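Remarks on the structure that follows.
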Amino acid sequence: MDEWEKNQVKKLFREYDKDKTGLLKEDLKRLLRRLANDEAIIGKVPNLNDEDIETVFDEWNTNKDNKVSWIEFREGINRWGWRQTDRDKLNELVD
């Protein structure tokens with residue numbers, strides 16, 4: 001992800017991480033579902049189901065504190081597979 005995309009995603013991340021201590025598993029699930037709906041309007045969405053999210057949480061929680069910090073999240077999203085949003089859906093969101 002480029003810097004603009006990270007800033008768009010960070011806005012959503014901060015909605016769940018108000019105290020800046022990281023996201024619990026359920027918050028990460030909610031955030032990833034919102035990204036799957038392209039609420040960050042970056043034209044890319046995560047291609048993950050609930051089981052994948054469980055795995056992602058465990059992988060991204062590198063310091064094993066049962067939370068995913070912004071740094072852990074940012075590093076994680078740079079390693080995973082994104083898929084482009086359908087062009088018509090993206091145009092609808094932009095309009």
Side-chain angles (χ1 to χ4, degrees):
M1 288 184 19
D2 62 29
E3 286 304 309
W4 181 83
E5 292 169 336
K6 285 179 191 170
N7 288 332
Q8 293 297 104
V9 172
K10 191 171 187 176
K11 290 176 191 176
L12 291 178
F13 184 92
R14 290 292 180 224
E15 288 182 29
Y16 294 98
D17 189 27
K18 294 183 189 311
D19 61 0
K20 298 183 181 180
T21 61
L23 301 182
L24 297 170
K25 190 179 294 186
E26 286 304 312
D27 292 329
L28 180 66
K29 283 181 183 181
R30 288 183 193 101
L31 174 61
L32 291 174
R33 286 185 187 119
R34 289 180 69 187
L35 288 176
N37 289 326
D38 201 27
E39 289 188 36
I41 311 174
I42 60 174
K44 295 186 253 183
V45 297
N47 190 11
L48 300 172
N49 60 35
D50 283 346
E51 289 176 22
D52 293 334
I53 293 171
E54 295 280 335
T55 302
V56 162
F57 182 86
D58 293 337
E59 290 175 3
W60 291 3
N61 180 29
T62 56
N63 65 1
K64 303 303 178 200
D65 66 350
N66 291 318
K67 293 183 178 180
V68 174
S69 70
W70 168 249
I71 293 170
E72 291 169 323
F73 181 84
R74 186 188 68 210
E75 290 173 1
I77 60 175
N78 281 324
R79 292 190 307 260
W80 65 334
W82 291 87
R83 61 181 167 84
Q84 295 291 56
T85 300
D86 176 69
R87 174 84 83 208
D88 292 333
K89 182 177 179 181
L90 181 60
N91 286 334
E92 182 182 313
L93 289 169
V94 171
D95 290 340

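Values in this document were obtained by computation on a predicted structure and should not be read as measured data.
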task = Say whether, by atom type as modelled, one donor and one acceptor occur between the side chain of Glu39 and the main chain of Val9 under 3.5 angstrom.
result = no
message = When you compare the side chain of Glu72 with that of Asn63, does any pair of heavy atoms fall below 4.5 Å?
response =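 Yes, close enough: below the 4.5 Å cut-off.
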task = Using a 4.5 Å cut-off on heavy atoms from C-beta on, say whether the side chain of Lys25 contacts that of Asp58.
result = yes
Residues in side chain to side chain donor-acceptor pair (under 3.5 Å) with [X], at least two apart?
X	value
Glu15	Arg34
Arg74	none
Asp27	Arg30

Could I get the full list of salt bridge (Lys or Arg N to Asp or Glu O under 4.0 Å) partners for [X], not counting sequence neighbours?
X	value
Asp19	none
Arg33	Asp50
Lys29	Glu26, Glu54

Any pair with a residue in [range] that passes ring pair (Phe, Tyr, Trp, His ring centres under 6.0 Å), sequence neighbours left out, goes on the list, sorted by first then second residue, please.
range	result
residues 22-58	none
residues 19-46	none
residues 7-51	Phe13-Trp70, Phe13-Phe73

query = In chain order, what residues pass the side chain to side chain contact (heavy atoms under 4.5 Å, CB included) check against Asn66, with sequence neighbours excluded?
reply =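 Expected list: Asn61.
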key: All side chain to side chain contact (heavy atoms under 4.5 Å, CB included) counterparts of Lys18, not counting sequence neighbours   =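 Expected list: none.
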Pair Asp17 + Arg14, salt bridge at N-O below 4.0 Å =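 Salt bridge present between Asp17 and Arg14.
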message = If you apply the rule side chain to side chain contact (heavy atoms under 4.5 Å, CB included), what do you find for Asn78 with Lys6, and how did you get there?
response = CA-CA 10 Å; Asn78 281 324; Lys6 285 179 191 170; 3.8 Å; yes
task = Nearest 0.5 Å please: distance from the NZ atom of Lys67 over to the CG atom of Leu24.
result =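 Going from the NZ atom of Lys67 to the CG atom of Leu24 covers 5.5 Å.
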key: Spacing of Asn49 atom CG and Leu32 atom CG [to the nearest 0.5 Å]   =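 The CG atom of Leu32 is 11.5 Å from CG of Asn49, to the nearest 0.5 Å.
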message = For Leu35 versus Ala40, what's the shortest heavy-atom pair and its separation?
response =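 So the two residues come closest at CD2-CB, 3.8 Å.
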query = Would Asp52 and Thr55 satisfy side chain to side chain contact (heavy atoms under 4.5 Å, CB included), going step by step from the backbone distance to the final call?
reply = CA-CA 5 Å; Asp52 293 334; Thr55 302; 5.6 Å; no
Reference residue Gln8; test side-chain hydrogen bond (donor to acceptor under 3.5 Å, both in side chains); the match among Lys10, Lys11, Glu5 = Lys11
